[in-house]
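Throughout, numbering of the chain's residues begins at 1 and tracks the sequence. Worth saying up front: this structure is predicted, and the values here are computed from it rather than measured.
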Amino acid sequence: MPRIFRQELIGTDDAIDAFGHVNNQRYIAWMQEVATAHSAANGWAMDRYLKIGAAWVVRSHFIEYLRPAFAGDALDIRTWASSLALREVTRKYSFRRAGQLLARAETRWVYVDIKSGRPKRIPEELLASFEAVPDDDPELARLMEG
């Protein structure tokens, strides 16, 4: 089970906006894509959530854009849980191209009952599948440098 999950993506032409770089909406889509892939890699694919009648919803996003990404760029996207609480997880992300930090981001995910939409306690089995990686983790220092 990876603490820090890595996925490589290519900036595609359909991700480009009128200014010639990757649109901010694409970053949000990538954040959800990589979070879902990390969850699946740790044994929690979407079908497992659906079987237990619970899932994650976004409470908030924060993205700091440092440099633009362009069509054809090979992007290295990393994600990790930075905090695990009773009903909420904070997940962070880094976006890099050729070792250069392009953006850093954070999403607060709330665990909810699918039928009611109300927050619910995260099961111990699910919490045990992830490790909170603190901000001062040595591996993160290199990922988050500009």
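Shown here are the side chain to side chain donor-acceptor pair (under 3.5 Å) partners of Asp135, two or more places apart in sequence or in another chain: Lys92. Pro138 is linked by a side chain to side chain contact (heavy atoms under 4.5 Å, CB included) to nothing, counting only residues two or more places apart in sequence or in another chain. Taking Arg87 as the reference, nothing meets the side chain to side chain donor-acceptor pair (under 3.5 Å) condition, with sequence neighbours excluded. Under the salt bridge (Lys or Arg N to Asp or Glu O under 4.0 Å) criterion, Arg121 pairs with no residue at all, not counting sequence neighbours. For Ser60, the side chain to side chain contact (heavy atoms under 4.5 Å, CB included) criterion is met by Arg108, not counting sequence neighbours. Not a single salt bridge (Lys or Arg N to Asp or Glu O under 4.0 Å) links Asp17 to another residue, sequence neighbours left out. Under the salt bridge (Lys or Arg N to Asp or Glu O under 4.0 Å) criterion, Asp76 pairs with Arg6, Arg78, sequence neighbours left out. By the salt bridge (Lys or Arg N to Asp or Glu O under 4.0 Å) test, Glu124 pairs with no residue at all, sequence neighbours left out. Residues meeting the side chain to side chain donor-acceptor pair (under 3.5 Å) test with Asp14, sequence neighbours left out: Thr12.
Atom CZ of Arg48 sits in a crowded spot, with more than 12 heavy atoms from other residues, nucleotides or ligands closer than 6.0 Å.
Linking ILVMFWY residues whenever their side-chain heavy atoms come closer than 4.5 Å, directly or via other members, places Ile52 and Ile114 in the same cluster. Hydrophobic clustering (side-chain heavy atoms under 4.5 Å, transitive across Ile, Leu, Val, Met, Phe, Trp, Tyr) keeps Phe62 apart from Val133. Residues Met46 and Ile122 share a single hydrophobic cluster, defined by chaining ILVMFWY side chains whose heavy atoms lie under 4.5 Å apart. Under a hydrophobic-cluster definition in which Ile, Leu, Val, Met, Phe, Trp and Tyr are linked whenever side-chain heavy atoms come within less than 4.5 Å, directly or via other members, Ile4 and Trp109 are assigned to different clusters. By the criterion of side-chain heavy atoms lying less than 4.5 angstrom apart, applied directly or through intervening Ile, Leu, Val, Met, Phe, Trp or Tyr residues, Leu140 is not grouped with Val89; the two fall into different hydrophobic clusters.
Rounding to the nearest 0.5 angstrom, the gap separating the OH atom in Tyr93 from the OG atom in Ser82 is 10.0 Å. Atom NZ of residue Lys120 and atom CG of residue Leu86 lie 13.5 Å apart, to the nearest 0.5 angstrom. Separation of atoms CZ (Phe95) and CG (Asp73) is listed at 13.0 Å; rounding is to 0.5 Å. Annotation: the span from Leu127 atom CG to Leu84 atom CG amounts to 6.0 Å, rounded to 0.5 Å. In this structure, Gln100 CD and Arg67 CZ are separated by 4.0 Å, a value rounded to the nearest 0.5 Å. A distance of 7.0 Å separates CD1 in Ile10 from CG in Leu75, rounded to the nearest 0.5 Å.
The two residues Ile63 and Ala103 have their closest heavy-atom pair at CG2-CB, 4.4 Å. Of all heavy-atom pairs spanning Ile16 and Ala71, the tightest one is CD1-N, 3.3 Å. For the residue pair Arg104 and Leu101, the shortest heavy atom distance occurs at NH1-CD2, 3.4 Å.
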Could you give the side-chain donor-acceptor pairs of residues 32-40 under 3.5 Å, partners two or more places apart or in another chain?
unit_1 : atom_1 : unit_2 : atom_2 : d
Thr36  : OG1    : Gln32  : O      : 2.9
His38  : ND1    : Arg91  : NH1    : 2.8
His38  : ND1    : Arg91  : NH2    : 3.3
His38  : NE2    : Pro2   : O      : 2.8
Ser39  : OG     : Trp44  : O      : 2.8
Ser39  : OG     : Tyr49  : OH     : 2.8

Exercise answer: donor-acceptor pairs, residues 21-30 side-chain atoms, under 3.5 Å, sequence neighbours excluded:
unit_1 : atom_1 : unit_2 : atom_2 : d
Asn23  : OD1    : Gln25  : N      : 2.7

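Asn42 contributes a side-chain N or O that, together with a main-chain N or O of Ser129, makes up a donor-acceptor pair within less than 3.5 Å.
Here Val110 is tied into one hydrophobic group with Val57, Val112, each link being a pair of ILVMFWY side chains closer than 4.5 Å.
Annotation: side chain of Met31 is not in contact with side chain of Thr79 (no heavy-atom distance under 4.5 Å).
Taking the six-membered ring wherever Trp is involved, the centroid distance between the rings of Tyr111 and Trp56 falls below 6.0 Å.
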